[in-house]
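This report refers to the structure that appears directly beneath it.
On a predicted model such as this, the values are computed, not experimentally measured, just so you know.
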Amino acid sequence: MGRWESARDLLAATDMDWDRRIFRLQILAEAGVRLRFADTWAKAEPRSPHALALLANVQALRAMIAGRDAGRSLMEEAWATCHTALDAWPQDVAPLVVMLALLRTHAPDRDTLGQVWEEIRQRDPWNREAHHEVITYFLPCHHGVQGEAAWWAEEQASVAPQGLPIGVLPLVVLAEAHRSRQERDQKAYGLTIHPWVDCPQIDPVLERWWRYRSLHPHACFADDANYLAHALSFANRHHEALEVFDAIGPYATQVPWSYCGQASELFLRHRGWAYSPPKRRRR
């Protein structure tokens, strides 16, 4: 209906909590792609950094949906809006994260990637969404190779302060490698073969993030906790996964469970095994 006042109030209240600001912008943008409230708001308040950041997210999603060729003009439009948003609020990290997403989808330019990444590092060096965008850029399905993505994830996780979800990045790369190999070698590599049985990446995630995580969960806590619960479950470490499932509650995510079968079925099965005494479990 073109109403944007509540979105303005929500984003204004988020202030400089970049983690929740980016999360809320992304959720609002998912609706804004098919509606016009972001466009209407930006026209009504053309110097509002909140309106411009939301419009940049919406335009970027439209460009991604259109595809690399058809969405080129939309990508340029979104890129320009990001610059306008940064002019309105230079400290804002959100438009820079949008730029990373645009580079990943439309422009494999390593020099520009480095420049945008450095701008983010100056503002919010451990921004979760920015790290995930760079990892996605480095995946073989975009502009990198598997070893590069894995190396970068391990490096970032090893130097990040304890308690930050950056520590989960190696599990993200591992899950993506599994998904990619399944798509490539469907006949030779089935659902029963997976890399989590003997997985050296799990313990560092427990030590770097889980044991020291904040009592105030970050916006994408459920996503990261599901990666850890999934890895522990498929490593048959259900007694350790119990604590993670407790923290997740009902907030199961499609990824990475869907990479190994039917997501909700797998989540419920492994959660049940985590809660049931070992002697009562069928083996």
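- Atom CZ of R181 and atom NE2 of H194 lie 12.5 Å apart (nearest 0.5 Å).
- In terms of modelled atom types and a separation under 3.5 Å, the side chain of D124 and the main chain of I120 share no donor-acceptor contact.
- Classification of the W4-W41 ring pair by plane angle, with boundaries at 30° and 60°, yields parallel.
- Using a 4.5 Å heavy-atom threshold, the side chains of M99 and E133 count as separate.
- Partners of R123 by salt bridge (charged side-chain N to carboxylate O under 4.0 Å, His left out), not counting sequence neighbours, listed by chain and number: E119.
- One finds the OG1 atom of T136 at 7.0 Å from the CD atom of E176 (value rounded to the nearest 0.5 Å).
- No path of Ile, Leu, Val, Met, Phe, Trp and Tyr side chains, each step under 4.5 Å between heavy atoms, connects W79 with L61, placing them in separate hydrophobic clusters.
- Contact check for V159 versus W126: side-chain heavy atoms found under the 4.5 Å cut-off.
- Contact annotation: the side chain of W117 never approaches that of L103 to less than 4.5 Å [non-hydrogen atoms, C-beta and beyond].
- With side-chain heavy atoms closer than 4.5 Å counting as contact, directly or through intermediates, the hydrophobic cluster containing F23 also holds I27.
- Proximity of L228 to L206: side-chain heavy atoms (C-beta onward) are separated by under 4.5 Å at one or more points.
- Residue pairs that meet the ring-ring contact (aromatic ring centres under 6.0 Å, His included) test with at least one member in residues 51-71, sequence neighbours left out, do not exist here.
- Residues in residues 8-27 take part in these salt bridge (Lys or Arg N to Asp or Glu O under 4.0 Å) pairs, two or more places apart or across chains: R8-E45, R21-D92.
- For the salt bridge (Lys or Arg N to Asp or Glu O under 4.0 Å) condition, the pairs that include at least one residue of residues 247-270, sequence neighbours left out, are E265-R269.
- No donor-acceptor distance shorter than 3.5 angstrom exists from the side chain of D224 to the backbone of G167, with no hydrogens or angles considered.
- Note that CG of L174 and CZ of R179 are 12.5 Å apart. Values are rounded to the nearest 0.5 Å.
- The hydrophobic clustering, which links ILVMFWY residues whose side-chain heavy atoms are closer than 4.5 Å, places L100 and L74 apart.
- Evaluation of the ring pair (Phe, Tyr, Trp, His ring centres under 6.0 Å) rule for H143 yields Y137 as partners, not counting sequence neighbours.
- Here NE2 of H230 is found 3.5 Å from SG of C260. Values are rounded to the nearest 0.5 Å.
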Exercise. Would you check, one step at a time, whether the test side chain to side chain contact (heavy atoms under 4.5 Å, CB included) holds for N57 with L28?
Key: CA-CA 9 Å; N57 274 269; L28 289 168; over 6 Å; no
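- A pairwise comparison of heavy atoms in L52 and P46 identifies CD1-O, 3.6 Å as the closest pair.
- Side-chain atoms of H131 come within 3.5 Å of backbone atoms of N127 as a donor-acceptor pair (strictly under, hydrogens ignored).
- Residue pairs satisfying the salt bridge (Lys or Arg N to Asp or Glu O under 4.0 Å) criterion with at least one member in residues 60-81, sequence neighbours excluded, are listed as follows: D39-R62, R72-E76.
- Partners of E148 under the salt bridge (charged side-chain N to carboxylate O under 4.0 Å, His left out) rule, at least two apart in sequence or in another chain, are R110.
- Not a single side-chain hydrogen bond (donor to acceptor under 3.5 Å, both in side chains) links E154 to another residue, sequence neighbours left out.
- The nearest pair of heavy atoms linking P95 to A85 is CG-CB, 3.7 Å.
- Partners of S214 under the side-chain hydrogen bond (donor to acceptor under 3.5 Å, both in side chains) rule, at least two apart in sequence or in another chain, do not exist in this structure.
- Not a single salt bridge (charged side-chain N to carboxylate O under 4.0 Å, His left out) links E129 to another residue, sequence neighbours left out.
- For the pair R213 and W209, the cation does not sit on the ring face, since its NZ or CZ is not both under 6.0 Å from the ring centre and inside 45° of the axis.
- A 4.5 Å side-chain heavy-atom check between Y227 and P165 finds every atom pair outside the cut-off.
- Note that the CG atom of L232 and the CG atom of L171 stand 8.5 Å from one another [nearest 0.5 Å].
- Judged by distance alone, with hydrogens and angles left aside, the side-chain atoms of H178 form no donor-acceptor pair with the main-chain N or O of P256 at under 3.5 Å.
- Counting heavy atoms from C-beta outward, L169 and R208 have side chains that stay 4.5 Å or more apart.
- From M64, atom CE reaches atom OG1 of T105 across 4.0 Å, with rounding to the nearest 0.5 Å.
- Nearest heavy-atom pair, A94 versus L25, reported as atom, atom and distance to 0.1 Å: CB-CD1, 3.5 Å.
- Partners of Q122 by side-chain hydrogen bond (donor to acceptor under 3.5 Å, both in side chains), not counting sequence neighbours: none found.
- Hydrophobic clustering (side-chain heavy atoms under 4.5 Å, transitive across Ile, Leu, Val, Met, Phe, Trp, Tyr) keeps L55 apart from L96.
- Salt bridge annotation for R121-E118: absent, with no cationic side-chain nitrogen under 4.0 angstrom from a carboxylate oxygen.
- Residues F138 and W151 share a single hydrophobic cluster, defined by chaining ILVMFWY side chains whose heavy atoms lie under 4.5 Å apart.
- Note: F234 and H270 have tilted aromatic rings, judged against thresholds of 30 and 60 degrees for the angle between ring planes.
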